[in-house]
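Here is the structure we will look at.
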Amino acid sequence: MSEEAPSVPVDTRAVFGFEAPMAVYAFAERSAHVPDVDLTYRFDPATTTAILTGFACNRRVLVQGYHGTGKSTHIEQTAARLNWPCIRINLDGHISRIDLIGRDAIVVRDGVQVTEFQEGLLPWALQRPCALVFDEYDAGRPETMFVIQRVLEEDSRLTLLDQNRIVRAHPAFRLFATANTAGWGDTTGLYHGTHALNQAQMDRWNIIANLDYLPHDQELQIALATCPEYDTPAGLDTLNALVALAQLTRAGFASGDISAVMSPRTVVNCARNATILGSMALAFQLSFLNRCEELERPIVAEYFQRCLGEDLPSPGDLC
């Protein structure tokens with residue numbers, strides 16, 4: 001990473017499709033840690049504004065929302081267009097304090113084994129011009145979360161007790177996180193393994209953005225950009241029906257009729273699988289129906305019939 005600060009002004013209307021309320025700068029050159037640009041990605045203006053504020057004004061941004069809404073991808077695609085190096089850490093139950101901070105390791109120096117401290121990803125990223133993204137933030141272990149709390153302050157000083165050293169944040173270091181819940185734990189039954197978050201820590205996030213599922217037309221455009229083989233009159237009708245089906249499952253979930261929802265990711269998977277398998281019914285079963293509660297499958301099958309205009313065959317006939 002040769003550049004120490006972003007220096008290239010960004011025309012946010014040309015790049016993101018809307019005028020940002022602040023000046024935004026990008027790095028002049030791409031590095032190995034900059035995500036690849038997905039030209040088919042569509043930006044939600046409200047969420048993108050929150051993320052751009054994080055990059056431009058060094059604000060800590062937490063993006064919350066249902067699965068499949070593109071929370072992590074939203075941050076990565078923003079970083080990709082700013083040429084901003086971006087490191088993503090999934091806070092699963094196996095990520096520990098040692099993984100983040102670092103540990104003593106035995107290395108060979110001049111033919112002799114010596115003990116040497118090896119930095120974890122947190123101090124490594126903190127000292128560099130990069131964006132650190134904690135994915136599945138509400139699934140982190142409590143002892144791990146308190147380590148992160150140290151760098152949520154604006155000065156972002158991290159004390160390495162084993163080294164008697166204080167690590168100071170690089171001026172171009174940025175911190176983001178994504179979560180399926182808003183810090184109160186799972187109240188829907190969809191996200192087992194998530195935890196209620198310490199409210200003192202939640203208070204340290206400068207911006208909390210909510211990313212919901214997109215309106216029908218926008219979701220259709222994303223699906224079409226990802227599955228260009230559907231860019232025919234018949235294909236558009238099919239994608240329209242799939243998006244409508246996904247929205248029916250979300251309405252059914254909101255009213256308590258079913259326990260699973262089709263995300264935009266599921267819509268794309270179903271469309272792609274139908275191209276491969278030559279059967280939308282089989283693709284729908286393998287992409288979504290099989291993970292629904294057995295007692296709820298007749299409801300989901302009714303949604304399918306209403307949107308696609310055909311009955312789902314019995315399980316024995318499908319495969």
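Just so it is clear, the values below take in all heavy atoms, side chains as well, and ignore hydrogens, waters and symmetry mates.
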**Prompt:** Under 30°, 30 to 60°, or over 60°: which ring-plane class applies to Y41 and H74, parallel, tilted or perpendicular?
**Reply:** perpendicular
**Asked** Between R174 (side chain) and F55 (backbone), is there a donor-acceptor pair under 3.5 Å?
**Response** yes
**Request:** Without swapping roles, check the side chain of S287 against the backbone of F284 for a donor-acceptor pair under 3.5 Å.
**Result:** no
**Asked** Are F173 and L52 grouped together when hydrophobic residues (ILVMFWY) are joined by side-chain heavy atoms under 4.5 angstrom apart?
**Response** no
**Asked** Side chains of N58 and R60: donor-acceptor distance under 3.5 Å anywhere?
**Response** yes
**Prompt:** Using a distance-only test with no angle check, is there a side-chain donor-acceptor pair under 3.5 angstrom linking R291 and T266?
**Reply:** yes
**Message:** Apply side chain to side chain contact (heavy atoms under 4.5 Å, CB included) to residues F134 and L122 and explain how you reach the verdict.
**Reply:** CA-CA 10 Å; F134 286 115; L122 185 54; 4.2 Å; yes
**Connected via hydrophobic side-chain network under 4.5 Å: V37 and Y25** = no
**Message:** Between L224 and L308, is there shared hydrophobic-cluster membership here, with clusters defined by ILVMFWY side-chain heavy atoms closer than 4.5 Å?
**Reply:** yes
**Request:** Please examine the side chains of S72 and R88, heavy atoms only from C-beta on, and report whether any two atoms are closer than 4.5 Å.
**Result:** yes
**Asked** Does M280 share a hydrophobic cluster with L239, counting links as ILVMFWY side-chain heavy atoms below 4.5 Å and allowing steps through other members?
**Response** yes
**Prompt:** Passes side chain to side chain contact (heavy atoms under 4.5 Å, CB included), C307 versus L248? Steps please.
**Reply:** CA-CA 9 Å; C307 295; L248 271 182; 3.5 Å; yes
**Request:** Establish whether V268 and L220 are linked, either directly or via other cluster members, by ILVMFWY side-chain heavy-atom contacts under 4.5 Å.
**Result:** no
**Message:** Strictly distance-based, threshold 3.5 Å: is any side-chain N or O of Q64 a donor or acceptor partner for the main-chain N or O of I208?
**Reply:** no
**Request:** Have a look at F304 and tell me which of L245, I299, T249, L242 forms a side-chain contact (heavy atoms from CB on, under 4.5 Å) with it.
**Result:** L245
**Prompt:** Going through the checks in order, is the side chain to side chain contact (heavy atoms under 4.5 Å, CB included) test met by H216 and N240?
**Reply:** CA-CA 8 Å; H216 181 103; N240 259 309; 2.7 Å; yes
**Request:** State, to 0.1 Å, how close C292 and V300 come at their nearest heavy-atom pair, and which atoms those are.
**Result:** SG-CG2, 4.0 Å
**Asked** Taking only residues two or more places apart in sequence or in another chain, which ones pass side chain to side chain contact (heavy atoms under 4.5 Å, CB included) with V10?
**Response** T12, V15, F16, V24, A26, L82
**Request:** For P35 and E76, work out which heavy atoms get closest and say how close.
**Result:** CG-O, 3.6 Å
**Prompt:** More than 12 non-hydrogen atoms from neighbouring residues, nucleotides or ligands closer than 6.0 Å to CD on E229, yes or no?
**Reply:** yes
**Fill in**
From the list T178, D135, T47, L62, side-chain contact (heavy atoms from CB on, under 4.5 Å) partner of K71 resolves to T178
**Prompt:** Apart from L214 itself, what residues make up its hydrophobic cluster when side-chain heavy atoms of I, L, V, M, F, W and Y under 4.5 Å apart count as a link, directly or indirectly?
**Reply:** I222
**Request:** Evaluate whether atom CG of D11 has more than 12 neighbouring non-hydrogen atoms of other residues, nucleotides or ligands under 6.0 angstrom away.
**Result:** yes
**Request:** Please report the shortest heavy-atom distance between F27 and A5, naming the atom on each side.
**Result:** CE2-C, 3.5 Å
**Message:** If we ignore hydrogens and angles and just use 3.5 Å, is the side chain of W84 paired with the main-chain N or O of A172 as donor and acceptor?
**Reply:** yes
**Prompt:** Can you check side chain to side chain contact (heavy atoms under 4.5 Å, CB included) on F43 and I51, steps first, answer last?
**Reply:** CA-CA 11 Å; F43 291 93; I51 295 171; over 6 Å; no
